[in-house]
Structure formats: C-alpha cells, structure tokens
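Below is one structure, written out as structure tokens; the observations come after it.
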Amino acid sequence: MNKVVSNVSEALIGIEDNMTLMVGGFGLCGIPENSIAELVKLGVKNLTCISNNAGVDNFGLGLLLQQKQVKKMISSYVGENDEFERQMLSGELEVDLIPQGSLAERCRAGGAGIPAFFTPAGYGTEVAEGKEVRVFNGKPHILESALEADFAIVKAWKGDTEGNLIYKATARNFNPMMAMAGKITVAEVEELVPAGELDPNQIHTPGIFVQRIFQGEKFEKRIEQRTVRTK
Amino acid sequence: MNKVVSNVSEALIGIEDNMTLMVGGFGLCGIPENSIAELVKLGVKNLTCISNNAGVDNFGLGLLLQQKQVKKMISSYVGENDEFERQMLSGELEVDLIPQGSLAERCRAGGAGIPAFFTPAGYGTEVAEGKEVRVFNGKPHILESALEADFAIVKAWKGDTEGNLIYKATARNFNPMMAMAGKITVAEVEELVPAGELDPNQIHTPGIFVQRIFQGEKFEKRIEQRTVRTK
Amino acid sequence: MALDKVGIAKRIAQELKDGWYVNLGIGIPTLVANYIPEGIEVEFQSENGILGMGPFPFEGEEDADLINAGKQTITATKGAVFFDSAMSFAMIRGQHVQLTVLGAMEVSQNGDIANWKIPGKMVKGMGGAMDLVASADNIIVAMMHSNKAGESKILKECTLPLTGVGCVKKVVTELAVMEIKDGKFHLIERAPGVSVEEIISKTEGNLVVPENVPEMVL
Amino acid sequence: MALDKVGIAKRIAQELKDGWYVNLGIGIPTLVANYIPEGIEVEFQSENGILGMGPFPFEGEEDADLINAGKQTITATKGAVFFDSAMSFAMIRGQHVQLTVLGAMEVSQNGDIANWKIPGKMVKGMGGAMDLVASADNIIVAMMHSNKAGESKILKECTLPLTGVGCVKKVVTELAVMEIKDGKFHLIERAPGVSVEEIISKTEGNLVVPENVPEMVL
C-alpha cells in the first residue's frame, strides 16, 4: 500500500483553519520540521495544537505561536518558551495543560479506540477539576478521555513506502501515539526506503496508522540545551 | 542491573500453590516451554493462569491442565484444546473467558498503572454482565479492569543481562504486556547476550519490567497447524 | 446450485476495495485472501500480531514463530510488520482495519452475531471476535444458511450467547448475499441457479425480497 | 554551613539503593547522578524515553536525537533502551521506577507538593511531574528551605496550585533532611554546622524535632 506523497505541500493538503493537529516531538527533539515550516507558509489559523510543548520562541511550534496561528495549545510543558508563556498569561492563547503521561496515554487511547481510562495523575489538582474521581485499591484516580486530531504530523528517522516508521533514540517520544490518533497521519522521515527494506520485527509505527509519508527536504535538528563534558 | 539467573529452577523460586501466573504465548507460538515443564515438575497446584489459550492437550499449558494444577483459567480462546473444554464444561475448572483485545489491554493496564478503561468489546454479551456500561460518541462501552499476576512468565527470542527483550515475528503476541504486569517477571530466552549487544532502539520489552532472565535449555517450538504450499 | 466454501470466499472477495486493511477470521474467511480482484491492493491483518500476511510457506520453510490467528504457518509480505497483541487490538478497536470477515453460528436481522459458545455443549471462546465485531465499521459474515439439522441460522433473534450486538452489515452464505438494515435482512443476490423461493424457505428472519434478485457473478 | 546544590545532591545520593530504577527531575535532582555511592548500581530513567541515561557527551559527540527530559544532550549506557512516551509513563504509573527525585516550590506537612505554576505570573507546566508524584512510592524532594524573599517553602499548607497530594516522603534542603509522616515534618538530619534553631525558624510547617539531630555526613 503505497503512502508516498511527493513533498510537504502534498502531504499537508486538506489542513484548514480551525482544525486540530497533533504534532510529535519533545522540545526540539523529533519534531516534524518541514511540516511546521509549511504550516507557517500556509498561514492556516485558529489551530488547536496537541503537542507536549511548543518548541522554543523561534523554532518548532514556537514559529506558529509567533505568527498567531494557534488558538489553543494542549500540552504538558511550557518551559522556556517565553512567547508561549506570555500569550497564555495574557489570555491571547487558550491552554489546556495536562500531565505528560496522561497526554501520551490519551493520544494512544484515541488511536486505540479506548474512549476513557483512569489514572492517578493529577488527582487533587487543577487537572482533576470537573473530572470523575474513583478509588481503586485505596487510591483515588481520575477519568481521562481520549484525544484525536484531524491531522497528526509526526517525524521519524526511517520510513518505507508502506508508511512503516522507525524512530531514533529519544526522538521517538510522542510520535508513535500521535501517529495512531490522527484521522490523517502525515509522516516526514529522514530516509525513505522501499517496502521490505526495514526489518518487520523492528517497526515502531506500523504503516496502517500512516496515510501519507515523504522524505523531508532538510532537517536542522537544533539542540536546545547543548551539554557536554571535556575529554 | 544484572537479572541473570542460572537456570529455570532458580527462575521460578517463589512460585507457590494458589498463585496467579501470567503465561505468554498464542497457541504454541512464543510460549515459555522450559518454565512450563518446570511448573509441571514442581507440581504447584490451584494456580490461576492468565494466558490467551492453554496450548494443546499435550503441550504448552495443556500440560498443567492434564496434571490438574490449574484451578482457574483467564483466557480468550479454548479452541482445539479438548481437555480444556472438557474440564470447563464439567465444572472442574473455573474459566473466565474474555475478549482477546480486552485481555491484552487489561494486562498492559496492569503493568501501566491504569486500573480500568472503557472498551466497546463485549457490550451486550455475557462478558458485559455486572460491568459498568457507558456511552461515548453514541456507542456503548464497558468498563474493564487491569490484570496483574504474582509471576509473569514470558518467552523471548533474544535477551540481554539487563533483562531487555526482543521477540521474533508473531511469537511476540502477549509476552510484552504480561512482562509489564508481573510482580515478578521471568523471561526465558533463546539467546542471552551481554548488555550492550542489543540495539537500544530496537528493544521490545525494556529490562525494567524483567526481574529474572535465563537462556532456555531446549526449545521444541512445536507447530500446531502446519500449512504449506508446494513449489 | 449452492456455493461451496470457495464460492463464498470468491463472492466476499468482490467486496474488497483498493487500499483496505482487512482482518480475515478462521475458516472460510481465510480463503478470501486467495481471490483478491485484479488491480487492487489490500493488506491482511491477523490479530495475533502481523500486518501483511502472505500465503502459506513452501514446504520446509515453515517457521514456528510465524503463524496466523488460526495457528497456521504463514509467510510475511514485503513491508509486513510484527507487533504485540495490545498494538494489534489498538488497530482493530481504533477502527484502522477497514473490513472484518468472520464466520458465525447464527446471525439475527438486527445484526447480532453468535459464534463462540453453545451452552453446556461447546465452548471455543470468543478469541478476538468480540473486539472485532464491536469495533469494525464494516463486518461481513461468511456462513452456511442452515445448520446440519436443516434449521435456519439466519434468524429473527439469535438463540446462542451473543458475540456482538447490531454489528453485522452483510451476510454471504452458500445461497445468498444479504444486507442487514432497518432490522431486516435484504436479499441482494442469489447463488447461481438458486431460487428466491429456496432462500425464503431457509431464512427464518424477516427477509426483504426485491422484485428482481440478480444471480452472483463469480 | 548551609549546603550548596551539590551538597543537596550528594545527600540525596545516599538514599539510592542497589538495583533501583530512578527518575531524576530537572535541576538539582539531575546532579544526583554524579554521586552514586560506590558498590551500588542504579539505572536512570528519563521520562522522554530512555532507561540507562549516561553522562553528558564529549564535545562534538552531541546527538540532537538523544536528550533527557531537561532537553540536555546526554549519552546512553550499555544496555540502555529507548521507548515512546506512553511506554515511559507506563513504567512510572505502573510503579516500576523505585525512586523519584524532583524539585518543588512548596511542600506541605501532609506531603503535598507544588511546582508547576504561580497563578498570573509564571506557568512552566507540570510536564511529567504530576504522573511521577501520583505514582511513585518513594518521592524525595530537593529544594531550598526558603524563597528569595526569605519565606519558608516548608509549609503547613501549600499556597500554590498543587502538583500532587500527600505524596512526598522526604525533603532534602540546604539546611536539613526531613521525613513527612503523620501530617508533620520530622527533622532527621541537619546540614553540617547548621543549628536546629535555624531550621526551626525557617520552617513554617509543624516540625517534630528529636532530642538529638545528627549532622549529615557527606
């Protein structure tokens, strides 16, 4: 089943204002750089973005925030993204902050047909407001619901023409669950190979979850915190 | 973190009458043969076994059924196992039959600290009896709870001294989720290698879930339905 | 003349659409893989953990670690993937599989299906069937119209413990293709040489029969 | 004399036990990895998807695809594993990680912790902290005893939005080691040269002080 599209423009056909997008990555690690650049170019607005964080001010999803293309962020971490924090505190941007594990599991649940599940994370905090609480084994849990998206945009290391994906190291992060949860899932990969070249035993995201795949033109792979030791 | 034990006897130390065991495998594929043989030898009784099915009459978990070591099976499929069916119909054996996907997800939930989740599988059937029903997106779902076990016994293709596991082809099946859900997880592997020899990007079960690992002495790998075509 | 198993499989294969991921149950459904219409590409999922199931292996090339949900030795196609059971049912429950074909002991006119248990007599277990029928949008049942005693299995209401409720969309038997909608069976096609009267007489459930019932073209 | 950050990290490192999997938060907790007691082996999990986190890479060997939860470039030890975020929090939520060390803005005497938000002023987000504190059996907080204005952060009740409820077991500050039980802080050790009186004066929450409070040995 050939899922290959010729370039990023073709990959993002159908993305419109007001849509909900999942965008893979953790910080600047494992983010779909080419697709994000294209979203800026397209100028689509009022997006709801589900992404663990929003990159930094001038890279990653931070670029969409700068252009005011995002209406709402569903994330676990703002961190060092000043523009994100500013827009949130000023009320320009709606933000739904949720625990990182719940975010990951809610994406997986969306892809796996599980509409809701109980987790202890967030009990007794703002996160639990308005959510059902139930005690299991003497411990209170809250009911969390599945997340889905019109488009999920993920980044992988290698992919084949059938849409099978392999991620590298910690660039895997949220990408596999988001790939499962998109009505249309777009994968940009560093290296696109013919079907049969990847070991079927070693695929991280089976191609059934991927509708479109392309080889990204350029990956800057910016490092957020370069920490080293000397020899 | 060295998880290596010297043999199957050492691996199963602590297994006692009345315990709950998860046993990996689907049919005779990916079953922990050496551990099952040892359980027969140990003669532990009144076991509750969580396993997709119970092998065949004279191999796999069928061996424990023959020896009347099992009080209760929690499975999705009886299939062609006549002794399993006989003991169930005669009432000698308690059986909790649950949908295969729910079984897999309940094991994963047990390992992942999710006490319960909603699934559409089984709604309107015997499986739903006594379970909470809730409608999501217009579709009724039932609440299923997590499964855990005193011991989970799994079989992998390759493993390293840290307990990291890689499975082969469809012998993976229930092994990864059961590995997550055992209080003590025992892995028997075809090939045991030093830490660092397996690609960290390609581990199916991270060693954190495995308490004991050993190289199985002998794997018969019996085929249940040999189907071939001629050249 | 009533169809044989191969005939049923051939007719179901006509329902396949290009680009679909398909789960085939044990028995007749498995045969569907042999009759994929020309010019379309589909991929077969087996719930024990493979996407891209290929034909049986050549003699001597069987691999005990590579089986389908029927425990038969199989092969993997180019671009196939192996995964665990939780991932497999994530695909199924999450409706990423476009078509499920499975067998049944009974089907009712509101789309209920029973195929896992005869109380007191026989218990095969539901395996993955309950997940499949509760999740799939598109379910085709491959079955015989009557049981060995000659009693209809196409019923007003199922008598056996259910596998799923209101989920079957289409039934293909040795005699007919029927759609289920509005709480009734709708006769769509009849097997070559089989009369509408025979189908009516062997169908216990409410059957809507249009004026013209075309013969299947296999 | 009050401890510096390294001192706090060194003291917390004494809590490590052989065979533990440990999650270290951003900031002081990260430093704990540098002071693992001799003769024991622990493995570090970082919730963005690695088990077996090693030291920072040598210059020129940084890999943008290999970072920790603080977005710092790291290395992987022999036997390390990479995984996705769902699997990572399965480990955490499923209590497979034996110890979590994290920072805090406030801790209360019943074990509540606040560390993600100052309403109207600052929002970092909870990241993985809510999952970690709700799940871990063993949580140690590394923090300063007071804020920059000199106000105690060791409180009767937290004033900031909570990260978790009744979960903190132990607090290590620049002045003291305190255990939390029965709704009170219990002074266990004091930093070298720091008086019990100073600790009492800087602790707003109820503090149980035994007759003899040993100095930390670092």
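Every chain is numbered from 1 and lettered A, B, ... according to where its sequence line falls, protein lines coming before strand lines.
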Side chain, backbone, both or neither: which part of [X] has a non-hydrogen atom closer than 4.5 Å to chain B?
X	answer
C:Ala69	both
C:Phe82	both
C:Glu47	both
C:Ile92	neither

Can you tell me how far the CD atom of C:Gln109 sits from the CG atom of C:Leu207, to the nearest 0.5 Å? 10.0 Å

Which distance, rounded to the nearest 0.5 Å, do you find between the OG of B:Ser102 and the CZ of B:Phe117?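 One gets 5.5 Å once the value is rounded to the nearest 0.5 Å.
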
Answer with side chain, backbone, both or neither: which region of [X] has an atom nearer than 4.5 Å to a non-hydrogen atom of chain C?
X	answer
B:Asn175	neither
B:Leu89	side chain
B:Ile98	backbone
B:Glu190	side chain

Which atoms form the tightest heavy-atom contact between B:Thr48 and B:Lys71, and what is the distance? OG1-CE, 4.0 Å

Of all the heavy-atom pairs spanning C:Ser108 and C:Asn110, show the shortest one and how long it is. OG-OD1, 2.5 Å

Name the member of [options] that forms the most heavy-atom pairs with chain B at distances under 4.5 Å.
options	value
C:Ser46, C:Ala129, C:Ala90, C:Gly128	C:Gly128
C:Asp63, C:Leu132, C:Val133	C:Asp63
C:Gly125, C:Gly49, C:Ser85, C:Ala64	C:Ser85
C:Met87, C:Glu61, C:Lys117	C:Lys117
C:Pro57, C:Ala86, C:Gly120	C:Pro57
C:Thr73, C:Asn68, C:Leu162, C:Val165	C:Thr73

Between [options], who has the most heavy-atom pairs with chain C when the cutoff is under 4.5 Å?
options	answer
B:Met88, B:Glu105, B:Met177, B:Arg108	B:Met177
B:Leu103, B:Val95, B:Asn173	B:Asn173
B:Thr125, B:Leu28, B:Val78, B:Thr227	B:Thr227
B:Gly122, B:Cys107, B:Pro120	B:Pro120
B:Ala104, B:Ser76, B:Pro176	B:Ser76
B:Cys29, B:Gly30, B:Gly27	B:Cys29

Measure from the side-chain N and O atoms of [X] to the backbone N and O of [Y], and report whether any donor-acceptor pair falls under 3.5 Å.
X	Y	answer
C:Glu204	C:Lys156	yes
C:Asn115	C:Thr163	no
C:Thr30	C:Gly25	yes

Between [X] and [Y], a side-chain donor and acceptor under 3.5 Å:
X	Y	answer
C:Glu59	B:Thr230	no
B:Ser35	B:Glu188	yes
B:Glu92	B:Ser90	yes

Is there a side-chain contact (heavy atoms from CB on, under 4.5 Å) between B:Leu65 and B:Met73 once you walk through the steps? CA-CA 10 Å; B:Leu65 288 176; B:Met73 288 294 307; 4.3 Å; yes

Do the rings of B:His141 and B:Phe136 sit parallel, tilted or perpendicular, given the 30° and 60° boundaries?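 Plane angle over 60°, so perpendicular.
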
